[in-house]
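Written out below as structure tokens is the structure these notes cover.
Below, all heavy atoms of this structure are taken into account, side chains as well, without hydrogens, waters or symmetry copies. We're numbering straight along the sequence, starting at 1.
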Amino acid sequence: MEYSNRENISLIEKIKEHAELIAALIAGIFILLAWRLDTSGQTTASVLLYVIAFCVGGFAKAKEGIEETIEDKKLNVELLMVLAAIGSAAIGYWTEGAILIFIFAVSGALETYAMNKSHREISALMNLQPEEAWLVRGNFEPMKVSVSTLQIGDHLLIKPGERIPADGIIFKGQSSIDESAISGEPLPVLKSEGDEIFAGTVNLNGAITMEMTKANSETLFQKIIQLVQSAQSEKSPSQQFIEKFEGTYVKFVLLGVAIMMFLPHFVLGWDWTTTFYRAMVLLVVASPCALVAAIMPATLAAISNGAKNGVLFKGGLHLEHLSVLGALAVDKTGTLTQGKPVVTDFIVRDGFEPQMALAILAGIETQSNHPLAQAITSYAKAEGVTALPQATIEDIPGWGMKGKVHNKEYQVGKPEFVNAQHANDFANGAAGKLAAQGKTVIFIRDQNGIVALTALKDTVRNEAKKAVSLLKELGIQVVMLTGDNEKTAKVIAKEAGVTEYVAECLPETKVTEMKRLLSQHHFVGMVGDGINDAPALATATTGIAMGEGTDVALETADVVLMKNDLSKIAYAVRLSRKMQRIVKQNIIFSIGVIIFLIASNFLQVVDLPLGVIGHEGSTILVILNGLRMLNKNV
């Protein structure tokens, strides 16, 4: 019974989704029957069927036009079409008026399909999140429960082949996880105990037990859905301009039609029937239906395309900005590099116990989330230093940290923070040699001078060089901004293929550099982690976050890459440029058709049926052209 009800609901939903098309087809049948009756001399019956066709085919658009006119207090193209159809019928052209309504209804149904097609991509995403999960409690057998009843801290069993029902971490077991639903990447990722997993992804081969860490409404999956839905409802500047233009244009069309109803009769000597007929043709061919549909279907399709490939746009505005991007500033750590540096050298001053120096340094660094700090803490543990002293710290953004251990003060950070001269002279100038190898050098200092230096090396991502090359091919200048010293920055930039870089950047320096780039290129993107680079991200025309799906990344930038893959930016740029090309094609084509049909009407070479086909046909072609953005090949 339940399965039957679901089938019925599904059938009703499908009928609702295609209601406009069904109404148009029914109207088409009535038009055909009316035409047959008219040709056989049954005029009254044919007129009655034409009226029914008008009502069935034109109801949806007439209702939409009237409601929008009342709500927005401005005229629109829907009303123009209704008036043209009524006007055609009024002078006896029932067939032409009915065909106008029919084709207008078909193009409207197609436009609705275009909108639904992009929204359906999001609905498909929503359906990927399971409704039930296996809840594990103590030694009891797992129970199948509704996902809506789950709470943070619950342990859930995910069997091979099942979708993960919530965000959390693996508590027991390991498996390969298919994360293509959120990252767009087809290759599975191996996950084991302690690794983070996301709702909507698929457990491929091993049974795992996870601990739920986020409420159902706060999962990454839900945030992606909300983000894309929000982007689809946000109109681009071009779309907003077209919609404003529409209201003014419609007034001019109506004024032109009013003049056309009288002027040709007196000036050109047309009879009243011809004058009124040509006014109705003008009303049809001058309507900007194709122009209004030139942008929105293409934009929605592009946003859906990006979402399927792990690129989330927060609106059409950012798509437009990416298409004219002149320069891209990239943060080094975590963007061009792996963001997981490792300690390669640890040098301590004579007379200071190395284990003690490492313990003090790690005790201070363990309280920071910076990748360099985490690398030092990991190195200390690997060296057997586990008993870290309690430290009171003060963070100095862009420079380092101050820490107090056993009532002694220490400074940890770059050479300028701990005294550049002392840092450069330490251990016979070891810092300069290490920096020349592309290593980042961190110092710790006490009241007696430099205690120790730590050299760390971050490796350039495998895909970074290729990504930089792709961006250059697109004519985009790539600039690396980093807080590292000149020598390290130069080595990393060379490895990644970046020709311009700015070293030793503080947060405020990055903002200054962004303003410089904006003055040169007007449209500049910034790639960062969404936290330390927030001021620069806000300054850029387009802020791009690479965070492998982190909450901060989702909330900060204009464009979010679900995987830390710089090549996705090149994909996003190509996608936006293709969308702009299609939009320009649509606008030029639709304006060209309107001008041609208006001129042809004045020369009396286009009749109402051809005017209807030319006008509505152009609208259908524009919508179909916009749907090309759903194609994965860009």
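Of the possible donor and acceptor atoms, one in the side chain of H615 sits under 3.5 Å from a partner among the backbone N and O of S287. In this structure, E162 contributes its side chain and K159 its backbone to a donor-acceptor pair below 3.5 Å. Within the 3.5 Å criterion, the main-chain N or O of V524 finds a donor-acceptor partner in the side chain of T541. A donor-acceptor pair under 3.5 Å is formed between the side chain of R577 and the backbone N or O of L474.
Judged as a ring-ring contact (aromatic ring centres under 6.0 Å, His included), and not counting sequence neighbours, F276 has no contacts. Annotation: ring-ring contact (aromatic ring centres under 6.0 Å, His included) contacts of F589 (sequence neighbours excluded): none.
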Inset, instruction - Apply the test side chain to side chain contact (heavy atoms under 4.5 Å, CB included) to residues L624 and I620: give CA-CA distance (whole Å), side-chain angles for both, the deciding distance (0.1 Å), then the verdict. - result: CA-CA 6 Å; L624 288 175; I620 290 171; 4.0 Å; yes
Inset, instruction - Walk me through it: do I164 and V202 pass the test side chain to side chain contact (heavy atoms under 4.5 Å, CB included)? - result: CA-CA 6 Å; I164 293 165; V202 182; over 6 Å; no
Legend entry - W35 vs L49, side chain to side chain contact (heavy atoms under 4.5 Å, CB included): CA-CA, chis, key distance, verdict: CA-CA 9 Å; W35 176 75; L49 288 179; over 6 Å; no
Legend entry - Audit row: D607, R278, salt bridge (Lys or Arg N to Asp or Glu O under 4.0 Å) steps and yes/no: CA-CA 8 Å; D607 291 333; R278 286 297 158 192; 3.2 Å; yes
Inset, instruction - Output, in order, the C-alpha distance, side-chain angles, deciding distance and verdict of side chain to side chain contact (heavy atoms under 4.5 Å, CB included) for I582 and M579. - result: CA-CA 5 Å; I582 286 175; M579 187 199 78; 5.8 Å; no
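Of the inter-residue distances, the one linking K214 atom NZ with D167 atom CG reads 5.0 Å to the nearest 0.5 angstrom. Between the OG atom in S567 and the CG atom in L471 there is a gap of 9.0 Å [rounded to 0.5 Å]. We find the CG-CG distance between L204 and D178 to be 5.5 Å, quoted to the nearest 0.5 Å. From L254, atom CG reaches atom CG of L283 across 6.5 Å, with rounding to the nearest 0.5 Å. In this structure, the separation between CD on E131 and OG on S148 is 9.0 Å, given to the nearest 0.5 Å. Atom-to-atom distance recorded for D38:CG and R36:CZ is 11.5 Å, nearest 0.5 angstrom.
Side chains of N601 and Y277: a donor-acceptor N/O pair is absent below 3.5 angstrom, by distance only.
Summarising the geometry of T619 relative to A290, their closest heavy-atom pair is OG1-N, 3.3 Å, with the distance given to 0.1 Å. The shortest heavy-atom contact between N309 and N305 is ND2-O, 2.9 Å. In this structure, G626 and N586 approach most closely via the heavy-atom pair N-ND2, 4.3 Å. Scanning both residues, A279 and M260, for their nearest heavy atoms gives CA-CG, 3.7 Å. The heavy-atom pair separating F313 from A572 by the smallest distance is CZ-CB, 4.0 Å. Of all heavy-atom pairs spanning G57 and A105, the tightest one is O-CB, 3.4 Å.
Put simply, the side chain of S304 reaches to within 4.5 Å of the side chain of L630, judged on heavy atoms. Residues L150 and V145 are in side-chain contact: their nearest non-hydrogen atoms beyond the backbone lie under 4.5 Å apart. With contacts defined as side-chain heavy-atom distances shorter than 4.5 Å, the pair V47/W94 qualifies. With a 4.5 Å cut-off on side-chain heavy atoms, P165 and I158 count as touching. Contact check for D558 versus I544: no side-chain heavy atoms found under the 4.5 Å cut-off. Side-chain contact between L135 and L156 is present, with at least one heavy-atom pair separated by less than 4.5 Å. When side chains are defined from C-beta on, Y249 counts as touching I594, because their heavy atoms get closer than 4.5 Å. Between Y50 and T95 there is a side-chain heavy-atom pair separated by less than 4.5 Å.
Here the two rings, on F523 and H321, have centers that are under 6.0 Å apart.
Other residues, nucleotides and ligands contribute at most 12 non-hydrogen atoms within 6.0 Å of the CZ atom of F30. Atom NZ of K466 has 12 or fewer heavy atoms from other residues, nucleotides or ligands within 6.0 Å.
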Listed pairs under 3.5 Å, donor-acceptor, residues 262-272 side chains, sequence neighbours left out:
{"unit_1": "H265", "atom_1": "ND1", "unit_2": "W270", "atom_2": "O", "d": "2.7"}
{"unit_1": "H265", "atom_1": "NE2", "unit_2": "W272", "atom_2": "NE1", "d": "3.2"}
{"unit_1": "D271", "atom_1": "OD1", "unit_2": "T273", "atom_2": "N", "d": "3.1"}
{"unit_1": "D271", "atom_1": "OD1", "unit_2": "T274", "atom_2": "N", "d": "2.7"}
{"unit_1": "D271", "atom_1": "OD1", "unit_2": "T274", "atom_2": "OG1", "d": "3.0"}
{"unit_1": "D271", "atom_1": "OD2", "unit_2": "T274", "atom_2": "OG1", "d": "3.0"}

